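Take a look at the structure set out below.
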Amino acid sequence: EFNITRPKGYTVSYHANPEMEKHHFGQTHPMKPWRLTLTKSLVSAYGMPFAMDNYNTRAATYEELNSFHASDYLDYLASAPAEDMPRDIDNPDKEVKFNLGGSDCPLFHGLYDYCSMSAGGSLDAARKICNKQSDIAIAWGGGLHHAKRSEASGFCYINDIVVAVLQLLRCFPRVLYIDIDVHHGDGVEEAFFSTDRVMTVSFHKYAPEVFFPGTGGLDDNGPKSEHNPGAHHAINVPLNDGITDEQYEHLFQTIIGKINEVFRPSAIALQCGADSLAGDRLGRFNLQVQGHAACVEFCKKLNIPMIMFGGGGYTPRNVARAWAFETSIAIDAHKKIDPIIPQHTPWRERFIHDTLFPTLEQILGEPRANRNTQKRLQEIVQHVHEQLRFVTH
Ligand code: ZLM
Ligand code: CA
Ligand code: ZN
């Protein structure tokens, strides 16, 4: 396990803050910051830190968060008292400001610290990419793609991705944002609706009314006005339940390959939400670690400076498997990694099956029915190609 060496000719950095992982959203809330500890434990058990620059990240400052978020929102976020019970069940009448204090986005102890630490890691990652000290920067504590300028949404309070991409835009002409979380990356998409310097692409489960956040249909490509340079720079890949590794990888490689040719990004921001894996508590897909990670490997092979963010992921053992294996791809150690989880891994018993790559049957018992037809996937590719005809750089 410890024959892992630094990759030849490029640098990978890992940005984390163990303090962030100690926060709790509440008893049965699906978001568990502790999954980051589990991830780090696997990464370390495999000896991967030897192959990377490891940074203990600071909290982002108010001014840094203010590069995207409104002051009145930040002020309220910093001062709102923690509540011991989510409001919308027990106290339906109480006022909810900025969507804070409902059951999705509860006000918990240390909330502002948690948010500024998440953004601090992502911003440090962006700075390392900007000043060329890293070629790939990993920030698993980030990826909170739903947060809006003045509103919390879907477990996300501060949009660390937008803050990091704004930093990248100071040094790179064009940034490609890719989002493989099972949910639509609405907050990032909206933030860059009016610029042609950022293209956003989200793959997600799409079923308005039924599945959060309900946006991200095939035809949602950014406001189409003549004066909006950002028109056609939002790409959405709406999917149904049960998509498989094979279908997803093919779709991903076709779409991202084409976007890379047309948009020619100078940096990539990849949100690796792990709730698109099979067996996720909130997810609906049949992806295995291998299929999810194939997206990361494809991006890495484009040889463009890249930040890898975390995001969703609600079955912690599978989140840790995916993000640890994706870390090994970043450092080019994935081919020599033993699929059997090392004996000395802390919390090894949490992994149930002792492999990094459990089969679908091990994860689910019975795999989820696949509701994605080849015909529909072809239509999606066709539509994306049509959008890209408007894009010239
Ligand atoms: N109810 N507790 C993904 C963000 C998904 C909105 C329906 C809340 C939950 C969920 C919260 C303990 C990312 C919605 C859901 C019940 C209104 C969502 C607290 C279970 C619980 O047990 C729970 C009391 C909670 C929340 C389930 N919420 C499942 N799905 C979504 C938000 C975030 O992965 O994309 C990035 C990090 N919210 O569907 C409701 C409409 C609130
Ligand atoms: Ca997504
Ligand atoms: Zn998600």
Side-chain angles (χ1 to χ4, degrees), residues 20 23-33 35-36 83-92 96 99-108 114-115 118-119 122 139-148 151-162 177-190 200-218 220 234-240 243 248 251-252 255-256 269-277 280-285 287 292 295 309-316 318-319 322-323 380:
M20 183 188 165
H23 291 82
H24 296 275
F25 279 62
Q27 280 261 308
T28 60
H29 196 287
M31 178 55 100
K32 307 204 179 301
R35 69 211 171 111
L36 297 167
E83 293 172 328
D84 291 324
M85 274 176 231
R87 286 195 219 189
D88 65 350
I89 293 167
D90 303 285
N91 271 323
V96 172
N99 196 29
L100 289 165
S103 56
D104 272 357
C105 302
L107 291 165
F108 57 83
Y114 164 84
C115 296
S118 160
S122 300
W140 296 135
L144 305 179
H145 58 179
H146 299 304
K148 310 286 153 53
E151 196 182 284
S153 171
F155 319 160
C156 305
Y157 304 81
I158 290 291
N159 202 315
D160 62 287
I161 303 168
V162 173
Y177 173 68
I178 306 170
D179 185 317
I180 60 171
D181 190 287
V182 76
H183 299 98
H184 176 222
D186 57 349
V188 184
E189 177 183 277
E190 185 186 291
T200 63
V201 192
S202 177
F203 298 75
H204 45 266
K205 153 86 183 168
Y206 180 67
E209 318 288 307
V210 183
F211 196 74
F212 188 85
T215 50
L218 190 57
D220 300 344
I235 302 291
N236 284 299
V237 183
L239 302 168
N240 287 319
I243 193 164
Y248 198 93
L251 204 54
F252 187 90
I255 289 173
I256 300 302
L270 175 60
Q271 197 266 22
C272 303
D275 48 6
S276 42
L277 293 169
D280 187 83
R281 182 175 157 193
L282 301 192
R284 305 292 182 87
F285 293 166
L287 295 190
H292 197 267
C295 300
F309 301 95
Y314 307 101
T315 302
N318 294 336
V319 177
W323 291 350
I380 292 173

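On a predicted model such as this, the values are computed, not experimentally measured, just so you know. Atoms within a ligand are numbered from 1 in the order they appear, just like the ligands themselves.
- Here the N, O or S atom of His183 that is nearest to the Zn ion (ligand 3) is ND1.
- Proximity of His184 to ligand 1 is not established, as no heavy-atom distance is less than 4.0 Å.
- Under the 3.5 Å distance criterion, the side-chain polar atoms of Asp220 are matched with a main-chain donor or acceptor of Gly217.
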Original post:
Would Ile178 and Phe252 count as a side chain to side chain contact (heavy atoms under 4.5 Å, CB included) if you check the C-alpha gap in whole Å, the side-chain angles of each, and the deciding distance to 0.1 Å?
Top reply: CA-CA 10 Å; Ile178 306 170; Phe252 187 90; 3.6 Å; yes
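- A side-chain donor from one of Asp275 and His183 sits under 3.5 Å from a side-chain acceptor of the other.
- Residue contact annotation: Ser202 places an N/O/S atom under 3.0 Å from the Ca ion (ligand 2).
- The atom of His183 that is an N, O or S and sits closest to the Ca ion (ligand 2) is O.
- Side-chain atoms of Thr200 do not come within 3.5 Å of backbone N or O of Ala234 as any donor-acceptor pair.
- Here Gly273 does not reach the Ca ion (ligand 2): none of its N/O/S atoms is less than 3.0 Å from the metal.
- Here the N, O or S atom of Asp181 that is nearest to the Ca ion (ligand 2) is O.
- For Trp323 (side chain) and Cys272 (main-chain N/O), a donor-acceptor pair under 3.5 Å exists by modelled atom type.
- Distances from the Zn ion (ligand 3) to each N, O or S atom of Asp275 single out OD2 as the nearest.
- Taking the six-membered ring for Trp and the full ring otherwise, Phe212 and His146 have centroids separated by under 6.0 Å.
- His204 and Asp181 are not linked by any side-chain donor-acceptor pair at a separation below 3.5 angstrom, with hydrogens and angles left out of the test.
- Close approach of ligand 1 to Met31 (heavy-atom distance below 4.0 Å) involves ligand atoms 37 (C).
- Atoms of ligand 1 found under 4.0 Å from any heavy atom of Asp275 (numbered from 1 in listed order, with element): 34 (O).
- The Zn ion (ligand 3) lies at 2.8 Å or more from every N, O or S atom belonging to His145.
- For the pair Pro30 and ligand 1, a heavy-atom separation below 4.0 Å is found.
- Between Tyr157 and Phe108, the angle of the ring planes goes over 60°, which puts this pair in the perpendicular group of the 30/60° scheme.
- When heavy-atom distances to ligand 1 are checked against a 4.0 Å cut-off, Thr28 comes that close through both its backbone and its side chain.
- Of the possible donor and acceptor atoms, none in the side chain of Asp179 sits under 3.5 Å from a partner among the backbone N and O of His184.
- When you scan the N, O or S atoms of Asp179 for the one nearest the Ca ion (ligand 2), you land on OD1.
- By the 4.5 Å heavy-atom criterion applied to side chains, Ile380 and Phe203 are not counted as neighbours.
- Atom OD1 is the N, O or S atom of Asp181 at the shortest distance from the Zn ion (ligand 3).
- Contacts between Gln27 and ligand 1 below 4.0 angstrom, taking non-hydrogen atoms only, are absent altogether.
- Within ligand 1, counting atoms from 1 as listed, the ones closer than 4.0 Å to a heavy atom of Arg281 are 22 (O).
- By heavy-atom distance, the residue among His145, Gln271, His204 lying nearest atom 36 (C) of ligand 1 is His145.
- If you look at Leu282 next to ligand 1, the close heavy atoms, those under 4.0 Å, all belong to the side chain.
- Looking only at distances, a side-chain donor or acceptor of Gln271 sits under 3.5 Å from a matching main-chain atom of Gly143.
- Taking a 4.0 Å cut-off on heavy atoms, Ser103 registers as neighbouring ligand 1.
- Using cut-offs of 30° and 60° on the angle between ring planes, the pair Phe155 and Phe25 is perpendicular.
- Contact annotation: Tyr314 has at least one heavy atom less than 4.0 Å from an atom of ligand 1.
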